[in-house]
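None of the values given here were measured: they were computed from a predicted structure. To find a chain, count down the sequence lines: A is the first, B the second, and so on, and within it residues start at 1.
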Protein chains: 2
Amino acid sequence: MTAERIRDAAILRYGRDGFSVGLRAVAADAGVTAGLVVHHFGSKDGLRKACDAYVLGVIRSAKLKATRGGPAAAIAQLAEIEEYAPMALYSLRSLQAGGELAGEFMEQMCADALEYLEAGVASGLIRPSRDPAGRARYLAMQGMGSLLLWISLHPGFREVDDFRKELRQISDEITLPALELFSEGLFVDRKMLDDYLMYVCDPPAGDAKP
Amino acid sequence: MTAERIRDAAILRYGRDGFSVGLRAVAADAGVTAGLVVHHFGSKDGLRKACDAYVLGVIRSAKLKATRGGPAAAIAQLAEIEEYAPMALYSLRSLQAGGELAGEFMEQMCADALEYLEAGVASGLIRPSRDPAGRARYLAMQGMGSLLLWISLHPGFREVDDFRKELRQISDEITLPALELFSEGLFVDRKMLDDYLMYVCDPPAGDAKP
DNA sequence: TCAAACCTTAAACGCGCGTTCAATCCGCTG
DNA sequence: CAGCGGATTGAACGCGCGTTTAAGGTTTGA
């Protein structure tokens, strides 16, 4: 009961201010003292791990689907749901700081992206790739990365509502360039791609396998 | 003389360990005491600002060109030069932490990307965009963002050499997906783009300008 | 009813941080 | 040589951190 209140307060506060906030601030948000937090979670790191585990579980069970617009849209979608918004923010902070959750979270993102892309390929909407997993990973990393960079450059939101506003602004700004790139590509011809494919099949020197 | 040695040591250490390292660690790297650092730079924040200004100046004068592969390649290119590698790392840490340099750095990146893209358009290699600045910004944010995310997920490099290895690995992994996307796009048809263009020209409700 | 098991608090501890300060060293100039 | 000013040191200060500890409440079950 109280432990869950502390955990929720920690998720909210860590999401807003990052993991460098003190235990006492989290404790005050939950209406308790710092000692009690340690009593329930062992240490600050224990609290962090508990938050990680809880958020990961919720996100896993929420089965966030990567819709069109890339993986960034998945976070946006999650943030639209009032209840989940703090966890979306927390996840971003977690990616920013690295650590246990970050890796699993990105793995999940890549897997979801792959799944969605393959569904698109199967239905004839999306072009097949020579390296589907690599492409999914590439798109997931780029999408989440740009989101991460954005919140680094705009650290000014103090409420979860501001976070939603930021996400909508991002969406507005990137939709046209993304649709252009996804629909028409960037290069006029295929020369660079063909040159590269030729290169990797028949490298000019060295380690060709027998 | 000594001040420059402190500044260089700070750039190196901040780049490796992030901005949370103590003044005493930086001072020890430079072979001086913490008091002297404050004497020369006023405060820890003064040291940070001095590093920011110096790195920004160097990067500005180095006129890093965004070659094919996107803005991430610019960092990689910078890191290949032994002398500049610590500053490339420092810039990434700066983006991670936000702040003064981060904003100007990304502005520079976007401007360079725009310049390079327009040159490509002029020479007939790159497709024109309906929103050239938006596209440049989009590509710069995605490229730098994914780099940022990568170093968050792989915080294990302790030497500048490791950083170069990481960059080469990134390059190897993303080259094929990036070339595919840039050459062939992602969608099979243009329906989504056309729908969106139709939508923004003739929105179904509300704020149409006279 | 009594005591064991808990939840919870307030105070204290030790540590490392950024910063301050007096003292010392060193090189220059008159 | 005397003296001055910047460079440099080492010790100290105050602060906030995570953590520990002893004590006080509150529930609970035999």
Check for a donor-acceptor pair, side chain of [X] on one end and backbone N or O of [Y] on the other, with a separation under 3.5 Å.
| X | Y | answer |
| --- | --- | --- |
| A/Arg127 | B/Glu184 | yes |
| B/Arg5 | B/Ala30 | yes |
| A/Glu104 | A/Leu56 | no |

Exercise for the section: Run the ring-centre check on A/Phe105 versus A/Tyr90 and record whether the distance is less than 6.0 Å. Expected result: no
Practice task
Look at the aromatic rings of B/Phe19 and B/Tyr14 and report parallel, tilted or perpendicular, splitting at 30° and 60°.
Solution key: tilted
Problem - Whole-Å distance separating the CZ atom of A/Phe19 from the P atom of D/dG18 - result: 13 Å
Practice task
In whole angstrom, give the distance that lies between atom CE of A/Met1 and atom P of D/dT26.
Solution key: 17 Å
Exercise for the section: Write down the atom of A/Val26, the atom of A/Ile6, and the distance for their closest heavy-atom approach. Expected result: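 For A/Val26 and A/Ile6, the tightest heavy-atom pair comes out as CG1-O, 4.3 Å.
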Completion exercise
For nucleotides 4-16 of chain C, 5' to 3', base contacts (B), sugar-phosphate-only contacts (S) and non-contacts (-) with protein non-hydrogen atoms under 4.0 Å give ----BBS-B----
Handout entry: Contacting residues from residues 43-56 of chain A, given that a heavy atom lies under 4.0 angstrom of DNA chain D
Key = A/Ser43, A/Lys44
Exercise for the section: Look at A/Arg168 together with A/Asp172 and state whether they make a salt bridge at an N to O cut-off of under 4.0 Å. Expected result: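 Answer for the salt bridge query: no.
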Handout entry: Lys/Arg N to Asp/Glu carboxylate O, A/Arg48 vs A/Glu100, below 4.0 Å
Key =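 No, no charged N to carboxylate O under 4.0 Å.
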